[in-house]
Amino acid sequence: MVITNKTTLPEEAELDVQELNLSSAALRAGSFHLGKQCEGVNNEFMLCRQELDDPRACLGEGRAVTSCALNFFRKVKKTCHEEFMQYATCLDKSSGTMAFSHCRKTQGVFDKCVKDHFDWERPSYGYFTRAKVIETKRKAPEKEPIKSYPDATPGLPEDYPTPPAKYGSRFFWLE
């Protein structure tokens, strides 16, 4: 997106949103359940960004995604704080890459807590990679008409002489 003098930027008040102040380990620990619970608003935001190609037009959807994530972590903090923190700490301390494979036991405890309190299942393997059709209430943006340009160079007349190539043809095997 090119910014010119005619580009209007949003006011600072429009951009002021409460941030999700969590560590990488905490975000990674809650990522599967967060992705499943906030899937609708996140898909709406990504669809808006993809279709409109203008981040200013999707500020409301972005606010909804942040709000959904905040609400998710508040719910988890109220009911499964200990289990969640054990899982996040395990991810943080067990390996340099925060690999899930080292923390399956604490993951199981956290998943059980979330299942018992909220009845949220952990998404199956590959859930987020499956193709999905997204239903939205927004109207699809109008497509730009395909521009057609007249041919700038007119063709040669039919009776124009075409002598053989001076140094032969590059398709010599067809001759």
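The ring of W120 has its center no closer than 6.0 angstrom to the ring center of F32. For H33 and F118, the gap between ring centers reaches or exceeds 6.0 Å.
Expressed to the nearest 0.5 Å, how far CZ of R56 lies from CG of D54 amounts to 4.0 Å. For the atom pair CZ (F100) and OG (S94), the distance works out to 10.5 Å, reported to the nearest 0.5 Å. Atoms CG and CD1, from N43 and I134 in turn, are 4.0 Å apart once rounded to the nearest 0.5 Å. Interatomic distance, CZ of R63 versus SG of C68, reported as 15.5 Å (0.5 Å rounding). Interatomic distance, C80 SG to H117 NE2, rounded to the nearest 0.5 Å: 5.5 Å. Once rounded to the nearest 0.5 Å, the distance linking NE2 of H81 with CD of Q86 reads 10.0 Å.
Panel note: side chain S95, backbone L91; no donor-acceptor pair is recorded below 3.5 Å. Judged purely by atom type and a 3.5 angstrom limit, R122 has no side-chain atom pairing as donor or acceptor with the backbone of V114. Between the side chain of N71 and the main chain of S67, a donor-acceptor pair closer than 3.5 Å is present.
A salt bridge links K132 to E39: at least one charged side-chain nitrogen sits closer than 4.0 Å to a carboxylate oxygen. Salt bridge D111/K115: absent, no basic N to carboxylate O contact under 4.0 Å.
At least one side-chain heavy atom of P10 sits less than 4.5 Å from a side-chain heavy atom of L59. When side chains are defined from C-beta on, L70 counts as touching Q18, because their heavy atoms get closer than 4.5 Å. Taking the side chain as every heavy atom from C-beta outward, L52 and R138 approach each other to under 4.5 Å. With a 4.5 Å cut-off on side-chain heavy atoms, L27 and S24 do not count as touching.
In this structure, R28 fails the cation-pi test against Y87, since its NZ or CZ atom is not both closer than 6.0 Å to the six-membered ring centre and inside 45 degrees of the ring normal.
With sequence neighbours left out, E11 forms a side-chain contact (heavy atoms from CB on, under 4.5 Å) with E14. Every residue meeting the side-chain contact (heavy atoms from CB on, under 4.5 Å) condition with S124, not counting sequence neighbours, appears here in chain and number order: Y127, R130.
Pairing each heavy atom of L34 with each of A69, the nearest pair is CD1-CA, 3.7 Å. Nearest heavy-atom pair, L22 versus A26, reported as atom, atom and distance to 0.1 Å: CB-CB, 4.2 Å.
Between the side chains of E44 and T136, a donor-acceptor pair is found at a separation under 3.5 Å.
Hydrophobic clustering, with ILVMFWY side chains joined whenever heavy atoms are under 4.5 angstrom apart, keeps V109 apart from M85. Taking hydrophobic clusters as Ile, Leu, Val, Met, Phe, Trp and Tyr residues chained together by side-chain heavy-atom distances below 4.5 Å, F72 shares a cluster with F128.
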